[in-house]
Structures are given as structure tokens and as C-alpha cells.
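For reference, positions follow the sequence shown, starting with 1. All values below were derived from every heavy atom in this structure, side-chain atoms included, with hydrogens, water molecules and symmetry-related copies excluded.
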Amino acid sequence: MSRRIEIELTSSRPDGTWTWRAAGAREPKGVLDGSILPSGTKAGDVVKVDAEFDIDGIEILSVIQGRTKVNKVETLQILGNDKPFEPVTQQLAKRADKRGPRRDRDDRRDGERRDANRRGERREGRPEGAERRPRPDTDRPRGPRRPRFEAPPELPQRPRPKRLKAGSQHRKAVLADLPENQRPIAELALQGMQAVRQRLKAANEALSAEGKPTMPEQSVLQMAQDLLPRLRVADWLDRAEAAKRDLDNLDLRDLRSVLAAANDPAIERDEACRNLLSELKTGLTTRTAAEHQNWLTDIGAAVEVGRVVRALKLAGQPPKPGERLPDDLARRLTEATVANLTADALPDRWIAVLEAVAFSPIRSLVKITTAPTQSSPELVKTVERLASLLPQIAGLFGVSAPSGGQPPKPLRPTRPAAKKIPPRPSASAAPVTPTTDVVAPEATAPASTESIVVESPAVAEPTPVADTSPGAEPTPVAENSDSTETPAD
């Protein structure tokens, strides 16, 4: 269900969206569509909004117009006169009550009423079995009543899948087997060869400034290339074993990322990796089939209880890309959608259903013949934004679908970009600057690990960059979800 909160607008984006945060706090925060804000809004304004809290974040539905402060004060002027003040006093005479004290009379009536009820008698004035007279209708004018909407029953939510939390057992074992002077290069190689090149370049610049001999770049890079296969295998084993432990509850995106990282010659040649890869592939097939069945069950249950917006959003988020809805379920969902887009439905309901149906697989099956009798500027803006996806419905509002251009995206709060944390240095060697006290080997000879000496740091660490190695974990992509949902769905 939606809640009303106060948010502070922090900045405006070129695409028409605004960033916000909770008034007076750092969290929560997110992004909202600028079309729902009143004109003249500026950064720093605090507004009250209607927000929906779901598993994907906080979705701003609409802005609530607060009370405006009126500075106008009406005063009454007191006009005096010259007449002298004459006080007035009065004294009321007591009225004699011939029926006795009030308390005794009430007690007597209560006793008679209880005796009559025990005998089954009724009070005089209305015969036995007679109906109560209806109250006469008054001539008071009554305004139009707002349509009353009964919220459908709630549906149980499935538990949220776990995210992958890999350990470091195999990676620490590989680093422990290496000589101490090779561990800094091995830790950099885990971040990718680009990180090795950047650190080596910065170290050589610092050594040249101090007048010391520089590191042979080709030898150090060749050393990192030789260590990288073992490190990639160890890193993949840590992730694969963590995925196997939570195979029944792991997010399918993380499981697919582990299987995609196995397309590495070094991992394919390892016997332990092949056995573990076979188990993960079997688990992915089983989980995909189970998630597909749960997907169809949840859509059918949402349609059954009348939660059309939730059913449309679920239909647009299949567990496997490219999955199609069965014809029977698609027909039921289409009929429920058309039943919600009636002429007497409120504009807010039209906005919520249109936002959900525009990004669902049944948007081409929805046929509407009548526009709503009540409209609003927000509804017209929604139709204009979704005209390319819903051209038939846009024609009812006199909006023509644009040709070409980029299709619209669902309204949803954006998640902040994940910051990549540099690896924690080992206990034996802190982040250091490699140097050498031996003459650099020839270009044709391989680099010697004994020629690398570790000393105190001399330059600052470069900014970590994205890992482009074959064993790097791909960035998970957020599922397609929508944020325009009414309290009923």
C-alpha cells in the first residue's frame, strides 16, 4: 500500500526526471518523473508525495497539494459609546418537580422496562411485528459521489532470492603458494591486466623521479600473464562453490553469471571445475523450470483476485528471456485489463494500468473503444509518452504515435552505481611500489621473480578500473519493473 512522505528535490536531469531524498535525511533517495511535479518547482523544494514501497525500491506515484498558508487576518473594530455602564443581574426561580427526584424516576422506569422485556411485551406506540417508519427525505442538495473502489485481497509474496556471496578460500591458497615478492602482482592480476599496467606505469614514474632504475615492464607483465590462469580458476571455484551452497535460493542472474564466466580455457581444462560446472548447469535447468511454473502461477493468482497491475508487471518479467505466456492465460489477462480500462474508471487507475500494459507481452491484444469520461493532465502526458507502444489507445485521446525514435522506458527509481572496492592487501605485504635493485633482464629472457623487491609505498594507488579479464564477473542487470502502481495492486 502507498504512504505519504515528504521529500526534498535535489536536482533536475536533462531527460525530465528529478532526483530526490527524504526531507532532512540522506536516505532513502531515488528518481521521479518530472511530469508529476507542479510548475515552478525548483531544487531544494520540499513536497508531500504519495509513494509506493515494494521490493524494487520506492516509487513516487503523485504529488499531493498541501495546504497553503494564508497571511490575511480579518479584524473586528469595536466601537464604543458614551453611555455609563449599568451591570445587569438575574436570578432564576427554582421549578418545583411534582414527580419526585430525577434519580428515583429513572430507576422506576428502568425497572418497568426490564419487567416488560421479561414478559415479552413491547412498549406502546408500535404494534407487534410493525416495521420502523423510514425517515422522510429532505430536500438538501447532494453532490456527486466519488466511485468507491474495493481493494482486492492481498497475495502472499514469494521470498526474495539470495545474492551470490563468494568466499576466498581457493584464492588465498593460491596466493599462499606464491613467493612473497610475487603476491602484489598476483593481487593486481586478479583485478585485470589493465590494473597491472597502470600500477606499473605509476611505479616506474616514481622511480624515475627518484633517480632509481625502473621495473622491466615486459617482464612484469609476462609474470602477471603466467599467474593469471591459476588465479582465474581459484576465483571461479570460490564463486561456484558459493553458488552450489545456495543453489535452491540463489538469484538466477548470479547463477547465470557464474556459468558464463566458465567459458575460459583454463577453467575448462581443470577437472574440479568441469565436475562443478556440470552440477551448476543441472541446477540451473531445474531452477529455471521451477521458476517458470511459479511465474505462471503468480500471474494466474493475481488475475484471479483482480490485481491486474501486478499480473501485468509479472508478465513482463519472465524468469528466462523470450518466454511466452500460454494462450489461455494471455486471454484471461487481456480480458481483465480491458475490464479495468472502462469509461467510468478514474484517471489514476488508467495511468497505473497503461504504465503496466505498455511493457507487457499482451499490449498488442488490448483493444479499447471508449476513452474515459474523466481525464487529467497526468493521464494525457502518460498517453503521449506511451503512444509508440500503445498506438490504438493513444488514438482515443487524439494523440498520434511518433514514427521512429527511441521507445520509452518503464518509470522506476534508478539504483546507485556500485562502487568497486579495491582488494584488501594481504597481511604479509601492504599496497607497495615495486622496485628493483638488480639490472633488468634482457628482453628475450623471462622475468625473474627474485629481481622484485618490496619496500614502503612511494606513490598513491591508481583508481581501480573495471576488470576486462575472461574470469571477471559481469555486472548484473536490474529486472524490468514498473513504479506506477495503485494502492490496489
For Thr17, all residues meeting side chain to side chain contact (heavy atoms under 4.5 Å, CB included), sequence neighbours excluded: Arg13, Asp15, Val31
pair Val258-Leu164: side-chain heavy atoms closer than 4.5 Å: yes
Heavy-atom side-chain contact between Ile36 and Ser62 under 4.5 Å: no
CD/Glu279: more than 12 non-hydrogen atoms of other groups inside 6.0 Å: yes
All pairs passing side-chain hydrogen bond (donor to acceptor under 3.5 Å, both in side chains) where residues 358-367 contributes a residue, at least two apart: Lys367-Gln392
Heavy-atom check, side chain of Pro161 versus side chain of Leu250, under 4.5 Å: no
Val233 vs Leu237 side-chain heavy atoms within contact, under 4.5 Å: yes
Min side-chain heavy-atom separation Asp33-Ile60 under 4.5 Å: no
Residues which pass salt bridge (charged side-chain N to carboxylate O under 4.0 Å, His left out) with Glu291, listed by chain and number, not counting sequence neighbours: Arg287
Validation row: Pro319, Thr288 side chains within 4.5 angstrom (heavy atoms): no
Pair Glu187 + Arg199: basic N to acidic O under 4.0 Å: no
Check: Ala240 main-chain N/O paired with Arg245 side-chain donor or acceptor under 3.5 Å: no
Side-chain heavy atoms of Lys29 within contact of Thr19, under 4.5 Å: no
Residues forming a salt bridge (charged side-chain N to carboxylate O under 4.0 Å, His left out) with Asp327, sequence neighbours excluded: none
Test salt bridge (charged side-chain N to carboxylate O under 4.0 Å, His left out) applied to Glu378 - qualifying residues, sequence neighbours left out: none
Listed partners of Glu6 passing salt bridge (charged side-chain N to carboxylate O under 4.0 Å, His left out), at least two apart: none
